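See structure below.
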Amino acid sequence: MMTFAPSKRNMAHVNGPAKQPKSSKTSRHPKELLIEKAAALQCELRDASFALHMDEEDPLRTFREKFHYPKMKDLPFTDPELIVADEESVYLCGNSLGLEPKSTRHYVEKELNKWSKFGVCGHTEQLHPEGDLPWAFCDDPLTLLSAPIVGASEEEIGYMNGLTVNLHFLFVSFYVPTPQRYKIIMEAKAFPSDHYMVESQLRYHGYDPKDAMICMEPRQGEKTLRTQDIVDRIEKEGDSIALVFFSGVQYYTGQLFDMAAITQAGHKKGCIVGFDLAHAVGNVPLHLHAWDVDFAAWCTYKYLNGGAGCIAGIYIHKRFHENERPMWHGWWGHEAGTRFVMDNKMVLSSGPKGYRVSNPSGVQSACLLASLKVFAETSMSEIHTKALLLTAYLEALIALHLPYPSQRDDGIYVKIITPSDVAQRGAQLSLSFSVPTHKMMVELQRRGVVCDEREPDVIRVAPAPLYNSFRDVHMFVDLLEDSLKAAHYTVDNNL
């Protein structure tokens, strides 16, 4: 049988941060394991029977039933002549919006019922017979359940606002420029919201982004950044760098950055180091405290399945919890025991809770709680093991059917720009094609495939381990080939 990582259904990270993980660079590539498995079954990777067998052995196979899965007929752009209406779609877009856990409606309805029956009393009382979230403390269980996902103690985590709002608040504390040390280093193709946020922070402090932003570009002819190039740039210009700020997983390429190495390089030069974990949290194992990361922030609607625009999270290393760094205050950052004394004498909560300027939403917290309880039934180790197998399977099937450079008479191909090194990726592969991506998106959507396009020339495909299957990947590659042929036909015939 295929060897999967053992399940670790515990809350070890709550009581103490994880140890530094061993690099997966020393492990065998999952593609080799898949090939061996197919040989043992006397079948080919491309055979549908192989995908079904992998699903039968998958220790996470029952988790799909915990989510609502869109039907082909319910999607807005499907072509009735190309789909089986009552079949489930091929949803590979968890990197953009995770699917809804079936339990979410129950958790949300409890909060709405409480509001309708008890009004303001719901702030502090547990009024539902099954227990609920008193709104004044509705974020507390979120930090508890998030600890093993991000690799931190509960006290280092907080939930509030949205991702970019939280980054602005964190930059107030952690971007403290001096005339000698004022620059911020980040990837050149950072997510636009991060880029805009950094530019505005620099301008607020009186700096020209053209001078104060160091935007790292890949080497000529390459699509992803090399860790050594990042480390070398920090070493070279670190004396002028106030803040090192990268994403955990690069949204466009799907590259997983070596956060431990980047943090170490930044600290060696006296820089503060922070990360945007929007595409990393719930996707790859994180060990923020063990890596000595100073701060991080994330949204919760991608791999964490909290729902569009759900409450966002932050991490602050405990060494910063009692210091005098600048920050913006609001009354929900006041220590809970005396918050309602209302004498206008701030008694600041320790750590991330001190950053809450307003009370969090009980409804949004209920949405996230539903998903985090699903995560608590497994471990990030098990989730990541399946993610690496799914993406390796996707990579292998593309190489078999649609290789780059093309080996086909019709010249069609798919190029994968995400690193093949499993230490540099999670559950996403970014693809470019022998035809324009918008043509490909039209054809994929007609066939009931849900993924997303990012300018200028990438379609992102993300098999999320909690609800995607090996059969999903097999179906996708079949539909990908059909879509590519159809797109080429429209291009060749100017349609």
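Atoms considered below: every heavy atom in the structure, side chains included; atoms not considered: hydrogens, waters and symmetry mates. What you see is a predicted model; the values in this text were computed from it and never measured.
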**OP:** Name all residues meeting the side chain to side chain contact (heavy atoms under 4.5 Å, CB included) criterion together with Tyr301; count only those two or more places apart in sequence or in a different chain, and write none if there are none.
**Re:** Leu97, Cys299
Subject >> Minimum side-chain heavy-atom gap Val442-His438 below 4.5 Å >> reply: no
Original post:
Should we count CG of Asn344 as having more than 12 external heavy atoms under 6.0 Å?
Top reply: no
Subject >> Worked check of side chain to side chain donor-acceptor pair (under 3.5 Å) between Tyr251 and Asp276 >> reply: CA-CA 10 Å; Tyr251 85 98; Asp276 176 348; over 6 Å; no
Original post:
Who pairs with Phe320 by ring pair (Phe, Tyr, Trp, His ring centres under 6.0 Å), at least two apart in sequence or on another chain?
Top reply: Phe174
Original post:
Taking C-beta and beyond as the side chain, do Leu480 and Phe433 meet within less than 4.5 Å on heavy atoms?
Top reply: yes
Original post:
Does Ser349 use its side chain to pair, donor to acceptor, with the backbone of His334 at less than 3.5 Å?
Top reply: yes
Subject >> Verdict with reasoning, Phe50 to Tyr393, per ring pair (Phe, Tyr, Trp, His ring centres under 6.0 Å) >> reply: CA-CA 11 Å; Phe50 177 75; Tyr393 187 45; 5.7 Å; yes
**OP:** Check whether the ring centres of Phe191 and Tyr252 lie less than 6.0 Å apart, and answer yes or no.
**Re:** no
Subject >> Audit row: Thr253, Thr418, side chain to side chain donor-acceptor pair (under 3.5 Å) steps and yes/no >> reply: CA-CA 5 Å; Thr253 66; Thr418 307; over 6 Å; no
Subject >> Cation-aromatic face contact Arg64/Tyr69, 6.0 Å, 45 degrees >> reply: yes
Subject >> Glu481-Ser483 side chain donor-acceptor pair, cut-off 3.5 Å >> reply: no
Original post:
Are side-chain N/O atoms of Thr378 and Glu382 paired as donor and acceptor at under 3.5 Å?
Top reply: yes
Subject >> Presence of salt bridge, Arg447 and Glu443, under 4.0 angstrom >> reply: yes
**OP:** Kindly determine whether Asn95 and Lys302 satisfy side-chain contact (heavy atoms from CB on, under 4.5 Å), including the steps that lead there.
**Re:** CA-CA 5 Å; Asn95 60 314; Lys302 301 181 188 298; 5.7 Å; no
Original post:
When you measure from the side chain of Glu156 to the backbone N and O of Ser153, does any donor-acceptor pair fall under 3.5 Å?
Top reply: yes
Original post:
Do side-chain atoms of Ser371 reach the backbone of Leu304 as a donor and acceptor pair under 3.5 angstrom?
Top reply: yes
**OP:** Take Tyr315 and His289 through the test side-chain contact (heavy atoms from CB on, under 4.5 Å) and record every step on the way to the result.
**Re:** CA-CA 9 Å; Tyr315 155 87; His289 184 96; 4.1 Å; yes
Original post:
With a 4.5 Å heavy-atom cut-off, do Glu111 and Trp115 have their side chains touching?
Top reply: no
Original post:
Is there side-chain contact between Leu444 and Cys451, with at least one heavy-atom pair below 4.5 Å?
Top reply: yes
**OP:** Please confirm whether Lys66 makes a cation-pi placement over Phe63, using NZ or CZ under 6.0 Å from the six-membered ring centre and within 45° of the ring normal.
**Re:** yes
Original post:
Would you say the side-chain atoms of Thr338 pair up with the backbone N or O of Val341, donor to acceptor, closer than 3.5 Å?
Top reply: no
**OP:** Return yes if some donor-acceptor pair links the side-chain N/O of Ser96 with the main-chain N/O of Cys93 below 3.5 Å, else return no.
**Re:** no
Subject >> Side-chain H-bond candidate by donor/acceptor type, Tyr355 with Ser173, under 3.5 Å >> reply: yes
**OP:** Verify side chain to side chain donor-acceptor pair (under 3.5 Å) between Tyr159 and Ser146, making sure each step is shown before the conclusion.
**Re:** CA-CA 10 Å; Tyr159 278 94; Ser146 298; 2.6 Å; yes
Original post:
Under the side-chain contact (heavy atoms from CB on, under 4.5 Å) criterion, do Arg319 and Asp292 qualify, and how do the steps go?
Top reply: CA-CA 10 Å; Arg319 66 173 164 269; Asp292 209 27; 2.6 Å; yes
**OP:** Say whether, by atom type as modelled, one donor and one acceptor occur between the side chain of Arg61 and the main chain of Asp58 under 3.5 angstrom.
**Re:** yes
Original post:
Mind checking whether Gln364 and Leu368 have side chains closer than 4.5 Å, heavy atoms only?
Top reply: no
Original post:
Going by the angle between their ring planes, with limits at 30° and 60°, are Tyr175 and Phe171 parallel, tilted or perpendicular?
Top reply: tilted
Original post:
Can you tell if the side chain of Met259 reaches within under 4.5 Å of the side chain of Leu277, non-hydrogen atoms only?
Top reply: yes
**OP:** Taking only Lys NZ, Arg NE, NH1 and NH2, and the carboxylate oxygens of Asp or Glu, determine whether Lys73 and Asp86 approach each other closer than 4.0 Å.
**Re:** yes
**OP:** Decide yes or no on side-chain contact (heavy atoms from CB on, under 4.5 Å) for Tyr204 and His168, but give the supporting numbers first.
**Re:** CA-CA 11 Å; Tyr204 176 77; His168 274 298; over 6 Å; no
**OP:** With the side chain counted from C-beta on, respond yes when Leu133 and Leu369 share a heavy-atom pair under 4.5 Å apart, and no when they do not.
**Re:** yes
Subject >> Any donor-acceptor N or O pair under 3.5 Å, side chains Glu155, Ser350 >> reply: no
Subject >> Lys117 NZ: over 12 foreign heavy atoms closer than 6.0 Å >> reply: no
Original post:
Using a distance-only test with no angle check, is there a side-chain donor-acceptor pair under 3.5 angstrom linking Glu453 and Thr437?
Top reply: yes
Subject >> Whether Glu187 side chain and Lys189 backbone form a donor-acceptor pair below 3.5 Å >> reply: no
**OP:** Verify, without hydrogens or angle tests, whether His401 (side chain) and Arg46 (backbone) share a donor-acceptor contact under 3.5 angstrom.
**Re:** no
Subject >> Validation row, ring centre Phe340 to ring centre Trp331 under 6.0 Å >> reply: yes
Subject >> CA sep, side-chain torsions, deciding dist, call: Tyr107, Ser365, side chain to side chain donor-acceptor pair (under 3.5 Å) >> reply: CA-CA 9 Å; Tyr107 281 96; Ser365 296; over 6 Å; no
Subject >> Residue pair Lys353 / Met160, side-chain heavy-atom distance below 4.5 Å >> reply: no
